[in-house]
Amino acid sequence: MGMPGLTLLEALHFCRDLGLDGIEIRCAANGHLNPETVTDAELALIAKTAADEGVAIACLTPYYKDYTSPQATAETLEGLRKTCRAAQLLGCSLVRATGGMWPLPATNRDATWADTALGLQQASALAADYGVKLALENHSGTLTQTAEDTVAMVLQVARPNFGILMDHYWVVAAGREDPLQAVRLQAPHVLHVHCKNLIRVDGKPLANFLDEGEIDWQPILQILKDQGYTGYLSDEYEKFWRPELPEPQIGMKRNANHLRSVLSRLT
């Protein structure tokens, strides 16, 4: 997402030069890796380049999320299976999962929740076959934007390889929970973290540089550290969606420097 002007191999080199430990790969037809078409030879080259650059493949992030019918669920599961297989070949232990779709017209939320939970249980079983964990993201347009809903889904799916991808931006944007209480609630289940800040433009939330906005990452990361979290902090720099943003050499560097500063002050 942060480096749409680079190929994936170039992005790995860029991450090395920026001193990053890993890379999260956006997986879609218009992303850096398409699970539907990628070949084993391409995956082998990606894995070798990542190893040569010293940059881990931290997470694969696909967009399969439709559990609204048996056919849609089967297609979603097959897409996630392909992504998990790619993750295994890349030496990546984590794949992003999405909490279905919501709201939906003329649809009962409880029924949609039950169908989504069942689909995510099946997805977790598929992921386990490849030695992969699924991380459920807080996100708008899903059943799991709030911390409370995300934790409830994780507890209902109840699989050892299923946890949370904490995207605190969307929790704050929802505005229905105390922000730090939301972090404490999710912390025992967190497998991965997306980092961005939030400003409001004409009352609507907009992602921003990490050092500017409503979110203070210092207490958030302190809570996660105290809980024992040792996973990645992924800079979700939205250059793909917002081409007007500065190039990653400027914007992602700014974010990396801020995160390093925050980490250095944790007790």
Side-chain angles (χ1 to χ4, degrees), residues 1-2 8 11-12 15 20-40 42-44 46-47 50-51 55-67 72-101 116-139 141-145 150-151 153-154 156-167 170 186 189-195 229-236 240:
M1 183 183 297
L8 179 50
L12 287 164
C15 288
L20 303 182
D21 298 307
I23 188 170
E24 179 174 352
I25 302 175
R26 185 173 172 274
C27 297
N30 59 0
H32 274 115
L33 190 155
N34 185 354
E36 302 296 330
T37 60
V38 68
T39 67
D40 286 3
E42 289 169 334
L43 290 169
I46 295 166
V55 176
I57 309 296
C59 182
L60 298 188
T61 299
Y63 290 79
Y64 305 106
K65 60 182 180 181
D66 190 347
Y67 301 98
T73 297
E75 292 173 356
T76 293
L77 293 176
E78 178 58 15
L80 287 172
R81 186 197 67 78
K82 290 175 180 175
T83 308
C84 290
R85 180 179 181 275
Q88 182 187 56
L89 294 177
L90 290 171
C92 172
S93 64
L94 195 65
V95 168
R96 189 270 295 267
T98 303
M101 300 184 295
T116 301
L118 178 58
L120 288 169
Q121 287 175 336
Q122 296 170 307
S124 298
L126 288 174
D129 290 339
Y130 294 97
V132 171
K133 295 180 179 180
L134 296 183
L136 177 67
E137 184 174 11
N138 314 115
H139 209 288
T142 76
L143 291 159
T144 59
Q145 178 169 352
T150 306
V151 171
M153 184 65 79
V154 167
Q156 183 164 337
V157 171
R159 294 295 185 269
N161 65 326
F162 190 72
I164 291 175
L165 194 169
M166 195 185 84
D167 192 334
W170 288 114
Q186 295 180 97
H189 310 283
V190 172
L191 300 176
H192 192 61
V193 177
H194 281 173
C195 296
Y229 179 70
T230 58
Y232 288 93
L233 306 173
S234 185
D235 173 17
E236 202 172 26
F240 177 83

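The first residue of the sequence shown is numbered 1, and numbering continues consecutively from there.
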What's the spacing between [X] [atom1] and [Y] [atom2] if we round to 0.5 Å?
X: Leu80; Y: Gln122; atom1: CG; atom2: CD; result: 11.0 Å
X: Asp66; Y: Thr98; atom1: CG; atom2: OG1; result: 11.0 Å
X: Leu60; Y: Thr83; atom1: CG; atom2: OG1; result: 7.0 Å
X: Ile57; Y: Leu12; atom1: CD1; atom2: CG; result: 5.5 Å
X: Thr76; Y: Met101; atom1: OG1; atom2: CE; result: 7.5 Å
X: Glu236; Y: Thr61; atom1: CD; atom2: OG1; result: 8.0 Å

Any non-hydrogen side-chain atom of [X] less than 4.5 Å from a side-chain atom of [Y]?
X: Leu43; Y: Leu33; answer: yes
X: Cys195; Y: Asp235; answer: no
X: Leu8; Y: Ile23; answer: yes
X: Phe162; Y: Gln121; answer: no
X: Cys84; Y: Asp129; answer: no
X: Tyr232; Y: Leu94; answer: no

Could you report the tightest heavy-atom contact between [X] and [Y], atom names first, then the distance?
X: Ala87; Y: Val95; result: CB-CG2, 3.9 Å
X: Gln88; Y: Val132; result: N-CG2, 4.4 Å
X: Leu89; Y: Ala47; result: O-CB, 4.0 Å
X: Gly22; Y: Cys15; result: O-SG, 4.3 Å
X: His192; Y: Val190; result: O-CG1, 3.5 Å
X: Leu120; Y: Ala97; result: CD2-CB, 4.2 Å

Problem - Residue pairs, two or more places apart or on separate chains, that pass salt bridge (charged side-chain N to carboxylate O under 4.0 Å, His left out) and touch residues 77-98 - result: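 Salt bridge (charged side-chain N to carboxylate O under 4.0 Å, His left out) check on residues 77-98 returns Glu36-Lys82, Asp40-Arg85, Glu78-Arg81, Arg96-Glu137.
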Exercise for the section: For a side chain to side chain donor-acceptor pair (under 3.5 Å) with Asn138, tell me which candidate from Gln145, Gln186, His194 qualifies. Expected result: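 Answer after filtering Gln145, Gln186, His194: Gln186.
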Exercise for the section: Provide the full list of side chain to side chain donor-acceptor pair (under 3.5 Å) pairs with a residue in residues 156-165, sequence neighbours left out, each pair given once. Expected result: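 Non-adjacent pairs meeting side chain to side chain donor-acceptor pair (under 3.5 Å): Trp113-Gln156.
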